[in-house]
Amino acid sequence: MLKRTHLCGSLRTSHVGQEVIVSGWVNTYRDQGKGLIFCDLRDREGLVQIVFNLEEVPEDVIAASRGLRREYVVSIRGLVRPRAGGANPKLATGEIEIVACEVELHNASEPPPISIDEYDAVKTNEEMRLRYRYIDLRRPRMQEILRTRSHITKLARDYFQANGFLEIETPLLIKTTPEGARDFIVPSRLHEGSWYALPQSPQLFKQILMVAGCDRYLQICKCLRDEDPRADRQAEFTQIDLEMSFVEREEVMEMMTGFVRLLWSELFKYDIGEVARITYADSMERYGIDRPDTRYGLEIRDVSSIAAKTEFAVFKDALALDRRGKPGVVKAIRVPAPCEKLTRKVLDGYSDFAKGFKAGGIPFTKLGANGFETGVAKFMEPVKAELIEALGLVQGDVVLFAADHWDIATKVLGELRQKVAQDLGIVPAGRWNFVWVVDFPMFEYDEEGKRWVALHHPFTSPNPGQFGILETDPGACLSAGYDLVLNGSEVAGGSIRIHNTHVQDRVFDLIGLSKEEAAMKFGFLLDALKYGAPPHGGIAFGLDRLVMHIVGTDNIRDVIAFPKTQSGMDLMIGAPGPADQSQLDEVHVKSTVEAPAIG
RNA sequence: GGGGUGGUAGCUCAAUUGGUUAGAGUACCGGCUUGUCACGCCGGUGGUUGCGGGUUCGAUUCCCGUCCGCCUCGCCA
């Protein structure tokens with residue numbers, strides 16, 4: 001076998017004059033006639049042009065080259081020289097070519113069912129790409145993503161290990177937990193009728209590693225949650241999971257900021273600067289969401305006191321609302337001029353959008369040369385001066401309102417804010433806005449279940465100084481949780497953990513987990529906390545989402561080598577699939593449904 | 001589980017109100033072509049219109065069911 005000396009994509013003018021051997025796949029093949037054939041050979045690093053020229057090589061080599069087709073696998077020995085026909089600026093290797101003098105065919109290929117050319121491939125159905133993933137992954141774009149992902153995990157390991165983190169593996173076969181996402185469960189063969197669960201995250205194990213004195217822990221691990229996928233979410237995903245002992249939240253946030261600073265510096269030569277902080281309460285008020293996109297304005301303002309002075313029934317009704325003692329509100333977004341794209345039709349469309357969030361609609365108006373125009377203008381005229389003052393309006397600005405319960409008005413404008421930014425095209429490209437969101441509430445009241453639920457997870461500690469409030473007014477208690485948000489997307493989330501049994505008991509109590517239940521489900525953690533648990537805290541980065549930002553895709557399947565579809569299928573291997581009856585018998589499982597036909 | 005959208009040649013798509021032999025580009029096959037690089041020119045092969053049923057003289061087209069992809073709500077501590 002011809003032994004490769006260089007990678008196709010690595011050859012440059014500095015190699016001119018060298019005899020090289022390259023191996024790879026035939027990308028394209030251009031037959032110019034009896035004595036001149038071009039062939040682009042592709043490997044992981046890129047393309048290089050091979051030329052077969054009758055004036056320079058024997059006829060048998062030309063004949064061999066004539067049999068080459070797309071995706072044939074070959075090794076080629078030849079001489080690197082400057083391109084005789086002029087450089088191709090589109091290729092990194094565009095200044096040179098290889099004059100072939102020997103060809104070894106390793107394997108032929110049937111015509112590929114999907115194209116590797118980026119030009120065609122962007123149009124190819126994702127279904128086909130997933131079914132023939134081994135061909136799809138040959139595309140330069142996919143190779144680039146795989147490589148970037150590998151680079152990111154290397155940087156993570158290097159950075160955290162240099163900072164004293166130990167990489168430790170935790171088990172995949174664990175047990176089901178109450179709370180949280182639906183578990184994937186695995187039947188036990190040795191224990192009839194018992195089941196393992198696959199981990200939603202290594203949360204409890206990493207805390208126990210801190211109790212075990214490991215001090216700092218790192219793992220790049222798969223997490224599994226049996227919930228419906230989305231464009232940015234898979235049931236099976238990867239976290240960069242971290243935990244530190246003897247730290248407060250400042251130290252965790254600083255360590256993690258250092259990591260993303262390193263990533264952006266290494267990958268983009270970009271300085272992320274000081275990472276801004278915002279409290280959860282502030283973020284909800286100003287951005288209507290707990291993961292604010294700060295790349296553009298359109299901040300939300302509360303105009304309830306001004307709205308109260310109008311005769312607009314929608315506002316009056318909203319302000320009269322009450323939910324658990326919390327009055328309704330009127331909130332507004334100022335959309336700065338020019339707003340030509342916000343036509344009457346678009347603005348009316350926002351009301352339909354709002355109805356999707358159980359809101360009544362989106363009242364709007366516009367400040368013209370002679371006061372408010374269109375929409376709810378006539379109701380706003382009496383409070384014109386105040387509204388202009390409160391929102392800082394100038395001529396041409398559009399104002400969008402939401403009047404409802406606080407949570408609905410907040411959510412609607414939070415979502416609408418993002419939509420308007422898209423519609424107006426004011427989201428700047430090439431910006432990386434990181435924000436730490438802090439001071440989350442410990443609990444959220446679940447109206448349906450009529451109980452408190454942990455906003456983060458039930459092992460999250462209250463903030464220092466909040467322990468008393470935990471006893472007296474749990475709804476007001478702030479947690480030591482923190483989320484790292486990038487351009488409006490959560491890329492990491494974590495917290496300082498409870499390291500005290502009594503506090504942990506209290507939290508379980510508040511979320512309605514009985515002592516017996518807590519002991520059964522989390523007894524091992526409660527036990528561990530009794531035997532000398534250090535103060536500790538940590539975080540987990542969503543690796544897939546991080547890679548998505550870095551490579552610039554909004555499709556999580558692009559950053560996973562072998563992803564699943566929206567229905568949780570692996571189209572390449574055909575999973576999930578039936579199991580033999582004997583296998584089911586061994587694990588003591590009887591299906592309640594007929595297995596679907598194979599195929 | 002709900003809503004939306006799509007499934008036609010290997011691939012990407014078209015097909016008028018339900019009407020003649022379901023077309024185009026590309027790929028593939030054959031021929032031509034000595035500086036191409038999304039090579040070019042000529043010719044050709046290629047179809048269970050996702051699957052099953054129904055309405056009709058006639059269904060890619062209309063109806064019902066079902067499977068699959070994508071987006072989304074619920075869900076995702």
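In this text, all values refer to a predicted model and were calculated from it rather than measured experimentally. The sequence lines fix the lettering, A, B, ..., with proteins before strands; numbering per chain opens at 1.
Residue D226(A) is out of contact with every strand shown, counting any heavy-atom pair closer than 4.0 Å. Residue-level contact check: L455(A) touches the backbone only, with heavy atoms under 4.0 Å from sugar-phosphate atoms and none from bases. Residue Q200(A) is classed as having no contact, given no heavy-atom separation below 4.0 Å to the nucleic acid. Among the protein residues, R81(A) comes within range of the nucleic acid bases, having at least one heavy atom under 4.0 Å from a base atom. When heavy atoms are screened at a 4.0 angstrom cut-off, E97(A) is found touching base atoms of the nucleic acid. Counting non-hydrogen atoms under 4.0 angstrom, S201(A) reaches a base of the nucleic acid. Here S567(A) lies in heavy-atom contact (under 4.0 Å) with sugar-phosphate atoms only. Across all strands shown, G356(A) has no heavy atoms under 4.0 Å from either base or sugar-phosphate atoms. Residue contacts shown for A231(A) are limited to sugar-phosphate atoms, with no base heavy atom under 4.0 Å away.
Residues passing the side chain to side chain contact (heavy atoms under 4.5 Å, CB included) test with P111(A): none are found, sequence neighbours excluded. Scanning for salt bridge (Lys or Arg N to Asp or Glu O under 4.0 Å) contacts around D183(A) gives an empty result, with sequence neighbours left out. F459(A) is linked by a ring pair (Phe, Tyr, Trp, His ring centres under 6.0 Å) to H457(A), F522(A), counting only residues two or more places apart in sequence or in another chain. In terms of the salt bridge (Lys or Arg N to Asp or Glu O under 4.0 Å) criterion, residue partners of R451(A) (sequence neighbours excluded) are, by chain and number, E179(A). Under the side chain to side chain contact (heavy atoms under 4.5 Å, CB included) criterion, A235(A) pairs with F184(A), not counting sequence neighbours.
For K34(A), a side-chain nitrogen or oxygen approaches OP1 or OP2 of U33(B) to under 4.0 Å. Contact between the side-chain N/O atoms of R30(A) and the OP1/OP2 oxygens of U36(B) is not found at any separation under 4.0 Å.
Summarising the geometry, the separation between CG on L36(A) and P on G40(B) is reported as 16 Å, rounded to the nearest angstrom. When rounded to the nearest whole Å, the span between CD of Q566(A) and P of C73(B) equals 11 Å. Taking atom CZ of F353(A) as the reference point, atom C1' of U72(B) lies 11 Å away to the nearest angstrom. The nearest whole Å value for the distance from the CD atom in Q422(A) to the C1' atom in U72(B) is 15 Å. Q49(A) has its CD atom 13 Å from the P atom of G35(B), to the nearest Å. What separates CD1 of I116(A) from P of A27(B) is a distance of 13 Å, to the nearest Å. Between the CD atom of E110(A) and the C1' atom of C29(B) there is a distance of 15 Å, rounded to whole Å. The interatomic distance linking D554(A) (CG) with U72(B) (P) rounds to 9 Å, in whole Å.
For residues 67-81 of chain A, the pairs satisfying salt bridge (charged side-chain N to carboxylate O under 4.0 Å, His left out) are E19(A)-R77(A), R42(A)-E71(A), E56(A)-R81(A), E71(A)-R138(A), R77(A)-E102(A), R81(A)-E97(A), with sequence neighbours left out. Residue pairs that meet the ring pair (Phe, Tyr, Trp, His ring centres under 6.0 Å) test with at least one member in residues 27-69 of chain A, sequence neighbours left out, do not exist here. Identified under the salt bridge (charged side-chain N to carboxylate O under 4.0 Å, His left out) test for residues 561-575 of chain A, with sequence neighbours left out: E236(A)-K564(A). Residue pairs meeting the salt bridge (charged side-chain N to carboxylate O under 4.0 Å, His left out) criterion with at least one member in residues 43-55 of chain A, sequence neighbours excluded, are E45(A)-R147(A).
Of all the residues in residues 58-70 of chain A, R69(A), R70(A) reach under 4.0 Å from RNA chain B with at least one non-hydrogen atom.
The pair R557(A)-E126(A) meets the salt-bridge criterion, with a side-chain N (NZ, NE, NH1 or NH2) lying under 4.0 Å from an Asp/Glu carboxylate O. We find that K206(A) and D241(A) are joined by a salt bridge, their nearest charged nitrogen and carboxylate oxygen being less than 4.0 Å apart. Under 4.0 Å is where a charged nitrogen must lie from a carboxylate oxygen, and between D40(A) and R30(A) at least one such pair does. Salt-bridge formation is detected for the pair D136(A)/R133(A): a Lys NZ or Arg NE/NH1/NH2 atom is positioned less than 4.0 Å from an Asp or Glu carboxylate oxygen.
Remark: the separation of the C1' atoms in G40(B) and G35(B) is 13 Å, to the nearest Å. Here, U60(B) and G53(B) have their P atoms 14 Å apart, quoted to the whole Å. Taking atom P in both C62(B) and A15(B), the straight-line distance is 12 Å, to the nearest Å. Of the P atoms belonging to U5(B) and G44(B), the separation is 41 Å, rounded to the nearest Å. Across U55(B) and U61(B), the matching P atoms stand 15 Å from one another, rounded to whole Å.
Counting atom types as modelled, R557(A) pairs no side-chain N or O with a base atom of C70(B) as donor and acceptor under 3.5 Å. Side-chain N/O atoms of R225(A) and base N/O atoms of C76(B) include no donor-acceptor pair closer than 3.5 Å.
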Taking N or O atoms only and anything under 3.5 Å, show me the protein contacts with nucleotides 41-43 of chain B, one pair per line.
none

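Closest to the E227(A) side chain, of the nucleotides C75(B), U33(B), C68(B), is C75(B).
Counting heavy-atom neighbours within 6.0 Å of F467(A) CZ, excluding the residue itself, gives a total above 12.
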How does each nucleotide of nucleotides 1-13 of chain B score, in 5' to 3' order, for protein heavy atoms under 4.0 Å: base (B), sugar-phosphate only (S), or none (-)? B--------SSS-

